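Below: one structure, written as structure tokens.
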Amino acid sequence: MTLQTIDTKPYEGQKPGTSGLRKKVKVFQQPHYLANFVQSIFNALGGMTGKTLVVGGDGRYYNREAIQIILKMAAANGVSRVLVGRNGLLSTPAASAVIRKYRTTGGIVLSASHNPGGPDEDFGIKYNIGNGGPAPEKITDAIFAETKTISNYNILDWPDIDLATLGDKLVGDMAVDVIDPVADYQELMQTLFDFRAIRSLFASGFRLRFDAMSAATGPYARAILEGALGAPAGTVVNGEPLEDFGHHHPDPNPVHAKALFDLMYGPDAPDMGAASDGDGDRNIVLGKALYVAPSDSLAALAANAHLAPGYRTGLKGIARSMPTSGAADRVAAKLGIPAFETPTGWKFFGNLLDADMATICGEESAGTGSNHVREKDGLWAVLLWLNIIAARGQNIPAIMREHWQTYGRNYYSRHDYEVLDTTLANDLMAALRGKLSSLVGQNFRGETVAGADDFAYTDPVDGSVSSGQGLRIVFESGSRIVIRLSGTGTEGATLRVYLERYEPAGGNLGMETQEALATMIALADELAEITSRTGRSEPSVVS
Ligand code: G16
């Protein structure tokens, strides 16, 4: 066993984005690239002597190689114990659950989430802190600063260890426990939901299709849905995690989960459809011929959460990211609890959850979760929906209809323009930002602008300020356009346009979403000059 100190030079651009560092696999495979970032994490944490870590990922290409490097570096940096999922697999919410349960110092999660996998596709790495959640900006900034000055890293000369068998191993003096990736997570789910009621629901013939998209959630969904809850075999499709996700984008949206949408809008639709993403933190939910917009899913889950044992005593507050629709705020108002509006990125929910100010959080980007972990949790959302369906004895379309009749409906859609030239996208944003203040009071297509700004957030717990979090234009009617650039892409820039219009209870609640938003769609194009600047007449993805 030799401890090696390897000389290295900084790589440019190792700045963590919305959720960690995401780059092409080929970028990560450059000499020392991964090691530089890992050592920068360790340096930013002030050294690792005696610390404990969880390490796991979504099973994508380069996951196993990266884990072996990380283990040898952890040992060389003095880490005392690491918990690793078997075969290097841990969904993002399961990693969060394991960090919390075993009270480790933190964890390293390897994932590029919904981005495609394979030798020419994407890889990612992020650090989660001891509460199980993504590192806050203070830490990601410190990591980035370390990447800019790094001159060497520590690694142990040690053979690769067997990740396929459970049990205790050693890397140098460091203990490595290869753990069942599902067991701790499943145990946690059993404390939150009425498994008996959900079992009866399946026994009565309720049909679910869960598309795991050949990604991390497969083993979890099979064990819990088809195992513990007795759903028929075949309920989970694409349940085997593959390094390249079967050549698909493991992104649960109408484009990449098209087979599920076709089924749910077809003649033989089951009662419920659901899908999760590469690392299992995102989810979508559909009823027969009804896609529940993630913002609506957050609102409906919050309104009905008390029907599940884990939330019987009620919610402390509801938090949503700024671009997420205001539907959840209406639920919070009715429940008499606070509603929080944070920047995009799950890390911003961490303080609110730790301080017990919010219980349920969600984002328009197919993410919902609660204080049970500090990540969004795809399977958790599906189980909460199942619990609610079982408790109410109603299907999803009926539940959503009643929800809108009570709260009104926030028609909502996101239009993405992917792989834009970065300079062009930055110029578009700069031009819109430059004219925001002049828009206030002006009338466009019958809509008067009530306010327009670049969103900034002051964390109510630690007072930290995050600015430049997205341009928003709010109209007197309550309708809204939000425009920002994605922080998770790896190729060019992705422009996200978020469109919202509120229709009060008693109004026209059954419109087709894109028709309901037609004025906002036209206004976004006009104000941000999308077509004229990008040459794109259509978004790449509408969700
Ligand atoms: C990450 C973050 C989410 C965020 C999403 C979209 O999700 O954890 O909080 O909403 O990215 O970010 P952007 O709009 O910047 O692409 P994931 O599932 O990719 O880890």
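Values reported hereafter were calculated over all heavy atoms of this structure, with side chains retained and with hydrogens, waters and symmetry mates removed. Just follow the structure's listing: the first ligand is 1, and inside any ligand the first atom is 1. Since we're looking at a predicted model, the values are computed, not measured.
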For a distance cut-off of 3.5 Å, show me each N or O of ligand 1 paired with any protein N or O, plus the separation.
| residue | atom | partner | partner atom | Å |
| --- | --- | --- | --- | --- |
| ligand 1 | 7 (O) | R282 | NH2 | 3.4 |
| ligand 1 | 7 (O) | K376 | NZ | 2.8 |
| ligand 1 | 8 (O) | K376 | NZ | 3.0 |
| ligand 1 | 9 (O) | G345 | N | 3.3 |
| ligand 1 | 9 (O) | W346 | N | 2.8 |
| ligand 1 | 9 (O) | E363 | OE1 | 2.6 |
| ligand 1 | 9 (O) | E363 | OE2 | 2.9 |
| ligand 1 | 10 (O) | E363 | OE1 | 3.1 |
| ligand 1 | 10 (O) | E363 | OE2 | 3.0 |
| ligand 1 | 10 (O) | S365 | OG | 2.7 |
| ligand 1 | 14 (O) | R484 | NH1 | 2.6 |
| ligand 1 | 14 (O) | R496 | NE | 2.7 |
| ligand 1 | 15 (O) | T18 | OG1 | 2.7 |
| ligand 1 | 15 (O) | R484 | NH2 | 2.9 |
| ligand 1 | 15 (O) | G487 | N | 2.6 |
| ligand 1 | 16 (O) | S486 | OG | 2.7 |
| ligand 1 | 16 (O) | T488 | OG1 | 2.5 |
| ligand 1 | 16 (O) | R496 | NH2 | 2.6 |
| ligand 1 | 18 (O) | S113 | OG | 2.8 |
| ligand 1 | 18 (O) | R282 | NE | 2.7 |
| ligand 1 | 18 (O) | R282 | NH2 | 3.4 |
| ligand 1 | 18 (O) | K376 | NZ | 3.0 |
| ligand 1 | 19 (O) | R22 | NH1 | 2.9 |
| ligand 1 | 19 (O) | R22 | NH2 | 3.3 |
| ligand 1 | 19 (O) | S113 | OG | 3.0 |
| ligand 1 | 19 (O) | H114 | ND1 | 3.2 |
| ligand 1 | 19 (O) | R282 | NH2 | 3.1 |
| ligand 1 | 20 (O) | R22 | NH2 | 2.9 |

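Geometrically, K24 does not engage F28 in a cation-pi contact defined by less than 6.0 Å to the ring centre and at most 45° from the axis.
With ring centers used as reference points, F245 lies 6.0 Å or more from H249.
Residues R320 and E363 are not paired through a salt bridge, judged by the lack of any N-O separation under 4.0 Å between the basic side chain and the carboxylate. The residues E341 and R472 are annotated as salt-bridged, a charged nitrogen and a carboxylate oxygen being separated by less than 4.0 angstrom.
Judged by distance alone, the side chain of S40 and the main-chain N or O of N36 form a donor-acceptor pair under 3.5 Å.
Distance check: M73 CE to F37 CZ gives 11.5 Å after rounding to the nearest 0.5 Å.
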